[in-house]
Amino acid sequence: MLKHLYDTDCVTWSPQGKLFQVEYAMEAVKQGSICLGLKSNDFVVLCSLKRQPSELAGYQEKQFKIDDHMAIAIAGLTADARVLCKYMRTECLEYKYTYESHHPVGRLVFKVAEKSQHKTQSGAKRPYGVGLLVAGIDPNGVHLFETCPSGNYYEYKCQAIGSRSQAARTYFESWFHLFEKSTLEQLILHGLSALKKAIMEDEELNEKNVEVGILGKNQKFIHLNAQELKDYIVKLETFNANTQIQQE
Amino acid sequence: MIFNSEISGQQQHTTSPVVTGGSVIALVYNGGVIVGTDTLCSYGSMAAFKNVQKIAQISKNTIYASSGEYSDFQQVVKELAKIDRSALQYDDGVHPSPKDYGNFLARLSYKKRCKINPLYLQNVIAGFHNGERYLGLIDIYGTYLESNFITTGFASYFCKAIISNYWNENCTLDQAKQVIRECFKVLFCRDCRAHDVIQLAYVDAQGAHIEESERVETKWDFNGFKSRANEKLHTQ
């Protein structure tokens, strides 16, 4: 009940040292449908579950290419995500125009985080209601970052955000030690396995509601097409992380 | 660089340089890249400042030299250093490669050219990154060229023959140094704004090395000069 005394705007702290508006914004991320990312030494894979508002509607895209070497997966308010996506694309284009090389990934995530933080320190603004998983390749290697409405950002080996993402994270905790040396195919199957843990009982993964994007050191960001998705979902039936250990 | 004339109230543009530096010669060799300049800044035809370092280290593996207006050279060094510091700001350990600097300078030069207020320079960026040698030429208009060898100023006229006869892209460091010294020898003889004290700098896998200035060998004791000096004066 006391919460309501301190949650009117971003410029009010609670006695416990919380900014409730920012926390509420992070709730919006948790309400979005799940998206996850995982990386090996050479590849990053993004998997997401697309929502269909109604039978008449299409499925909402969750992954966006920022540049050849970078892509994001979103969870939360799609409209806010579009703003950040446009900002990131513009920054990459400007960097490329000036330096003829790719924007370092960590730096762009830092810029997004700075922008997000700015929205948490004003009486007239609200935080972005979207969390991003940023996959990118740069001279420092293969990266996967998560950004929050709070303006924090973290680098991960693998991460899942959105609705029921804890189930996917539990899967990751058991198997992430295999990811570094996984092949691309194994990585995709791990991602889909984690995604499968996070869907409802009456749902199933199919090529319409699953989105998989891959990015590699010599691989520009691409989405898997419908046929490839179908094939992987079939392979998922026989995929078992245990077999990967035996091979190694 | 942009002067507001209080008399006319008009913005003025740099139309001619005042304190200028001479030719720059840059070559690749088997282990990296090497750049040579002389150490003179001329004030028109006066050899005003004879001990000037015209090669700057921009980052661990990149060096920059230019011929033309020396104050513009100093300004460019500041601009490029700003970029290198950005790595500190973002805490990510990612430093611009020599090519990034080259392209940035090209964009900067082009922007100023479009405003008819150029950086009065022929710029050379030299570096060694990820095992690859880099030499970039950026001219006063913002034209960007990468090459195995670069000459600016009078060196483009006098030294290309020497370079093509005595240098190849896989020569040793000492061979490349000798070629550059020979070039500056010729330049001192033929270019009125050249000087016989030069400075060499090279970048290899270990980083940038800027050497102490050295005097090129010159020979003046030709018989022709000696006997000319002793010629009888022609009288009517």
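For clarity, every value in this text was computed on a predicted model and none was experimentally measured. Within every chain, numbering begins at 1; the chains are lettered A, B, ... in the order of the sequence lines, protein sequences first and strands thereafter.
- Geometrically, A/K115 engages A/Y87 in a cation-pi contact defined by less than 6.0 Å to the ring centre and at most 45° from the axis.
- Proximity of a side-chain donor or acceptor of B/Q57 to a complementary backbone N or O of B/I210 within less than 3.5 Å is not detected.
- Relative orientation of the A/H190 and A/Y171 rings is tilted, given thresholds of 30° and 60° on the angle between their planes.
- Ring-centre distance between A/F176 and A/F172: not below the 6.0 Å cut-off.
- By a heavy-atom distance cut of under 4.5 Å, A/P104, A/R107 are the residues of residues 102-109 of chain A near chain B, going up by number.
- Heavy-atom distances place no part of B/L108 under 4.5 Å from chain A, backbone and side chain included.
- Ring planes of B/F73 and B/Y70: parallel class, angle under 30° (limits at 30 and 60°).
- Using a 4.0 Å cut-off between charged side-chain N and carboxylate O, B/K99 and B/E132 make no salt bridge.
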